[in-house]
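Written out below as structure tokens is the structure these notes cover.
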Amino acid sequence: MPELPEVETVIAGLKPQITGAKLVSVSNSGKNLRYPLPNFSILLQQHIQSVERRAKYLLFHFENGQTLIWHLGMTGQFHVLAQHQAKTKHEHVTLAFTDGNTLRYRDTRRFGYAGLCRTNDLDQHPWFAKLGVEPLLDDFSDDYLQNILKTRKTSIKQAIMDNHVVVGVGNIYASESLFRAGINPTQVANSLKPKQYALLVQHIKTVLAEAIEAGGSTISDFVKADGKPGYFAHSFQVYGRDKQPCLVCKKPIEKIVLGGRASFFCPHCQPFK
DNA sequence: AAGGTTACCTGCCCGC
DNA sequence: TGCGGGCAGGTAACCT
């Protein structure tokens with residue numbers, strides 16, 4: 001389901017509902033997610049101090065210095081519901097709080113996963129240690145991108161979707177930002193002109209920021225924590241628009257496969273350079 | 001080291 | 001109507 005803007009949107013929805021809540025019990029469906037669930041007992045009777053995002057992970061910081069790390073995979077959703085609300089299909093984990101609320105984790109495909117880590121050690125956690133920079137921070141600059149891609153010969157689209165380069169850019173926003181930057185997705189990653197790296201960085205930042213502003217995208221099963229869909233899908237210019245006219249030049253959008261992922265672009269507006 | 005392939009899992013949509 | 005194949009927002013373990 002989620003790329004960075006969707007995770008950001010989920011967190012914005014969860015924050016006011018669970019910040020300060022005290023955890024009393026955790027139950028699960030018995031089915032594993034991508035990895036076995038962590039032992040939640042160290043978090044019992046602890047208050048949630050804050051919730052934040054790192055890459056596409058949600059971080060729930062508890063008062064005892066432990067952080068619950070959660071990735072939504074493709075189809076993960078969080079909902080805050082009253083304790084008495086019935087379980088729905090594919091609901092795999094329930095965290096119950098003293099205020100009568102529960103945080104439910106639903107995940108059809110079970111590609112999501114959760115883990116525990118001391119808050120102070122998060123940087124060393126295997127899920128974080130090798131991650132690239134956050135796209136919305138100043139660390140993600142044209143110099144940074146050009147430099148880290150110096151030896152990369154994959155396509156530029158695969159390169160910007162690589163977490164070791166920059167985090168949070170998934171399949172949709174990769175296509176969208178390359179279109180806005182006028183860069184062909186198949187262009188070899190280390191072959192861009194300096195100006196193109198700058199344009200790409202700029203457009204990755206703006207497309208992600210716009211999507212966060214819009215509350216994420218609506219695609220099949222993406223639902224925010226409040227149960228309402230996001231709106232950014234209305235703004236897709238190339239994603240999912242195979243054979244439809246380019247919104248700029250009217251020529252048909254093409255669909256190709258790069259690294260096994262569907263990729264959309266306008267051959268006229270995104271020429272080789 | 002970088003790059004390609006495969007796997008994880010369920011549901012939906014399409015063509016026959 | 002039913003069935004099989006292909007595909008879906010992500011990540012990482014394998015191999016070469």
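From a predicted model like this one, the values you see are computed outputs, not experimental measurements. All chains are named by letter (A, B, ...) in the order of the sequence lines, taking the proteins before the strands, and each is independently numbered beginning at 1.
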How close or far is atom [atom2] of [N] from atom [atom1] of [X], stated in whole angstroms?
X	N	atom1	atom2	answer
A:D162	C:dA13	CG	P	14 Å
A:I69	C:dA12	CD1	P	12 Å
A:H125	C:dA12	NE2	C1'	14 Å
A:E91	B:dC9	CD	C1'	18 Å
A:E3	C:dT11	CD	P	9 Å
A:N163	C:dA12	CG	C1'	10 Å
A:L33	B:dC9	CG	P	11 Å
A:K150	B:dA1	NZ	C1'	15 Å

(Q) Taking 5.5 Å and 30° as the limits, would you call A:F111 and the base of B:dC9 a stacked pair? (A) no
Considering only [options], which nucleotide approaches the side chain of [X] most closely?
X	options	result
A:A262	C:dG10, C:dA8, C:dA12	C:dA8
A:T108	B:dG11, B:dC9, B:dA2	B:dG11
A:Y35	C:dG10, C:dA12, C:dA8	C:dA12
A:T154	B:dG4, C:dA8, C:dA12	B:dG4

Q. Should A:N190 and A:K153 count as side-chain neighbours, where that means a heavy-atom distance under 4.5 Å?
A. yes
Q.
Would you say that A:L4 contacts A:Y173 through its side chain, given a criterion of any heavy-atom pair below 4.5 Å between the two side chains?
A. no
Answer yes or no: does a side-chain N or O of [X] lie under 4.0 Å from OP1 or OP2 of [N]?
X	N	value
A:T151	B:dA2	yes
A:K56	C:dT11	yes
A:H164	B:dA2	no
A:H71	C:dT11	yes
A:K31	B:dC9	no

**Q.** Bracket string, DNA chain B, 5' to 3' - pairs by Watson-Crick or G-U geometry under 3.5 Å, | interstrand
**A.** .|||||||.|||||||
Q: Count the heavy atoms of every other residue, nucleotide or ligand shown that sit under 6.0 Å from CD1 of A:I42, and state whether that count exceeds 12.
A: no
Could you check whether [X] gets within reach of a base, just the sugar-phosphate, or nothing at all, counting any heavy atom under 4.0 Å?
X	value
A:R34	base
A:D107	nothing
A:K130	nothing

Please list every donor-acceptor pair under 3.5 Å in which a side-chain atom of residues 201-208 of chain A meets a protein atom from a residue at least two apart or in another chain.
| unit_1 | atom_1 | unit_2 | atom_2 | d |
| --- | --- | --- | --- | --- |
| A:H203 | NE2 | A:R180 | O | 3.4 |
| A:K205 | NZ | A:P135 | O | 3.0 |
| A:K205 | NZ | A:L137 | O | 2.7 |
| A:K205 | NZ | A:F140 | O | 3.0 |
| A:T206 | OG1 | A:Q202 | O | 3.2 |
| A:T206 | OG1 | A:H203 | O | 3.2 |

Q: Can you spot which of A:T98, A:D99, A:I48 makes a side-chain contact (heavy atoms from CB on, under 4.5 Å) with A:K22?
A: A:T98
Q. Which whole number of Å gives the distance between the C1' atom of B:dC12 and that of C:dT11?
A. 23 Å
Q: Measure up the A:F60 and A:F78 rings against each other and bin them: parallel (under 30°), tilted (30 to 60°), perpendicular (over 60°).
A: perpendicular
Q) Taking the six-membered ring where the residue is Trp, are the ring centres of A:H92 and A:Y105 under 6.0 Å apart? A) no
Q.
For A:F236 together with A:F264, are the ring centres under 6.0 Å from each other?
A. no
**Q.** Donor-acceptor pair (no angle test) under 3.5 Å: A:R109 side chain, B:dC9 base
**A.** yes
(Q) Any donor-acceptor pair, under 3.5 Å, between the side chain of A:R152 and the base of B:dA2, if you only look at N and O atoms? (A) no
(Q) Can you work out whether A:H90 or A:K153 has the more 5'-proximal nearest nucleotide on DNA chain B? (A) A:K153
Q. Do A:N39 and A:S41 get their side chains close enough for a donor-acceptor pair, meaning under 3.5 Å?
A. yes
